Amino acid sequence: MKGFVPGGFNAGVVLIIIAVIAVFWLIQCIYTVQPDERGVELRFGKPREEVSMPGLHFHFWPMDRIEFVKVTEQQRNIGGRSSAGSNAGLMLTGDQNIVNVQFSILYTVTNPQSYLFNLETPDETLQQVAESAMREVVGRRPAQDIYRDKRQEIATEVRSIIQDTMDRYGSGISINAVPIEDVSPPREVADAFEEVQRAEQNEDQQVEEANQYANQKLGQARGRAAQIREEAAAYKDRIVKEAQGEAQRFISIYDEYVKAPEVTRKRLFLETMESVIGNSNSIIIDDKQGVVPYLPLNEVGKQSTTPAGKPAAATQPEAK
């Protein structure tokens, strides 16, 4: 029959079949690596050293096959109340308390070949290592550290242990952070724990109020002490200045006394007597006459005002 090859097959059909097979093979040989991925080619099951970066690539299928690995940051959650029926988050602290720790692991794949072929199940291994590291660190510390005081310090220590362990396994994983999201007691003792927490908060509040009161009183006492010191210093300065003034006055009087002893002595006597009797009612008594009347010249010219506002005439003792 014309147009047919021996065996009864049309040459065009054969060419079409060959072209379809070639297109199918070519499609299988071309692959695309996404921006958040890396590709590892395997030739006869053995990984090649080159890592395929994002973009279009060619490999010889079926001798070669490709494994894709996400290299962006990934997260695994461990523990917490959301894990119903799981004991992954229950841990024993150093002071024999049980806590339920919910934390996450943020990691990236830095070596795709190691991640794919050094561990059979790298994600499960990472989770087991993370649980073990958290139990180890929590088991060395009191419950108060994981509840409130040193949560960030614990997270940093756990991250270091996980990274060291995964590096020894050759996992090709880099641990970015281990955030501790929640820490709670077991459900059976949650109510009692909340009572203890409230009591501790009340204690902290009372201690804070006591510290504020102590600081207030201490500040007042310090202010009063500073005021007393300032007043004492001022009193000291005043007394010293007065003493220096009196000393200087005495020296000046003494210098005058040295120049004229008799005159100075009499002047001092008169000044003293004037200061003594100047403001007193004076009565002069004579040996012969008895009480001697005198004219108070200092009262002359003074006028006293009567209740009606009229000046009264000055009176003087009558001489006998």
Side-chain angles (χ1 to χ4, degrees), residues 36-38 40 68-201 203-204:
D36 61 341
E37 296 177 337
R38 296 293 183 270
V40 179
F68 297 100
V69 178
K70 287 188 176 296
V71 294
T72 55
E73 186 175 74
Q74 303 179 57
Q75 177 176 349
R76 292 189 66 86
N77 299 321
I78 300 176
R81 298 186 183 274
S82 61
S83 303
S86 175
N87 295 327
L90 295 178
M91 304 178 186
L92 185 66
T93 63
D95 53 357
Q96 305 302 311
N97 286 308
I98 298 177
V99 295
N100 190 358
V101 182
Q102 179 181 1
F103 65 100
S104 302
I105 309 170
L106 302 179
Y107 67 96
T108 55
V109 176
T110 56
N111 191 324
Q113 294 97 330
S114 299
Y115 178 79
L116 290 172
F117 304 108
N118 287 352
L119 295 175
E120 183 177 359
T121 55
D123 292 340
E124 294 181 5
T125 302
L126 175 62
Q127 180 167 347
Q128 294 173 0
V129 170
E131 291 181 16
S132 176
M134 184 64 74
R135 293 180 190 278
E136 176 186 349
V137 175
V138 171
R140 295 198 302 259
R141 295 172 175 267
Q144 186 65 25
D145 287 359
I146 187 65
Y147 277 128
R148 285 163 52 184
D149 294 344
K150 299 181 180 180
R151 186 175 296 187
Q152 184 60 40
E153 181 179 333
I154 291 175
T156 302
E157 186 174 354
V158 170
R159 175 189 173 279
S160 177
I161 294 175
I162 296 174
Q163 187 67 68
D164 291 343
T165 304
M166 299 305 291
D167 289 344
R168 289 199 304 270
Y169 292 165
S171 63
I173 293 175
S174 176
I175 308 300
N176 299 332
V178 184
I180 299 176
E181 299 168 355
D182 185 33
V183 180
S184 59
R187 297 178 181 177
E188 294 77 7
V189 296
D191 294 338
F193 177 80
E194 290 177 359
E195 290 291 336
V196 173
Q197 290 293 99
R198 284 193 291 268
E200 291 180 352
Q201 291 175 1
E203 178 187 3
D204 294 341

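Heads up: numbering here begins at 1 and tracks the sequence. Values below: every heavy atom of this structure, side chains too, minus hydrogens, waters and symmetry copies. No experiment lies behind these values; they were computed from the predicted model shown.
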Drop me the distance from [X]'s [atom1] to [Y]'s [atom2], to the nearest 0.5 angstrom.
| X | Y | atom1 | atom2 | value |
| --- | --- | --- | --- | --- |
| Q102 | I78 | CD | CD1 | 10.5 Å |
| N100 | L90 | CG | CG | 5.0 Å |
| N111 | S174 | CG | OG | 11.5 Å |
| T108 | Y115 | OG1 | OH | 11.0 Å |
| E124 | L119 | CD | CG | 11.0 Å |

>> Checking I175 against L126 for the side-chain contact (heavy atoms from CB on, under 4.5 Å) test, could you report, in this order, the C-alpha distance in whole Å, the side-chain angles of both residues, the deciding distance, and whether it holds?
In response: CA-CA 10 Å; I175 308 300; L126 175 62; 3.7 Å; yes
> Given Y169 and N118, is the side-chain contact (heavy atoms from CB on, under 4.5 Å) satisfied, shown in steps?
Replying inline: CA-CA 7 Å; Y169 292 165; N118 287 352; over 6 Å; no
>> I'd like to check the side-chain hydrogen bond (donor to acceptor under 3.5 Å, both in side chains) partners of T125; sequence neighbours left out, ordered by chain and number.
In response: none
>> K150: which residues meet the side-chain hydrogen bond (donor to acceptor under 3.5 Å, both in side chains) condition with it, sequence neighbours left out?
In response: none
Results of side chain to side chain contact (heavy atoms under 4.5 Å, CB included) for [X] - residues two or more places apart only:
| X | value |
| --- | --- |
| T156 | Q152 |
| A155 | I180 |
| Q74 | K70, Y107, V109 |

Compare every heavy atom of [Y] with every heavy atom of [X], then report the nearest pair and how far apart it is.
| X | Y | value |
| --- | --- | --- |
| P142 | T93 | C-CB, 4.3 Å |
| I173 | Q163 | O-NE2, 3.1 Å |
| R151 | I146 | NE-O, 3.3 Å |

> Would I154 and M134 satisfy side-chain contact (heavy atoms from CB on, under 4.5 Å), going step by step from the backbone distance to the final call?
Replying inline: CA-CA 8 Å; I154 291 175; M134 184 64 74; 4.3 Å; yes
> Would you find a donor on one side and an acceptor on the other, under 3.5 Å apart, between the side chain of T110 and the backbone of G172?
Replying inline: yes
> Taking only residues at least two apart or on different chains, which pairs with a member in residues 156-173 satisfy salt bridge (Lys or Arg N to Asp or Glu O under 4.0 Å)?
Replying inline: R140-E157, R141-E157
> Does a donor on one side chain sit under 3.5 Å from an acceptor on the other, for N77 and Q75?
Replying inline: yes
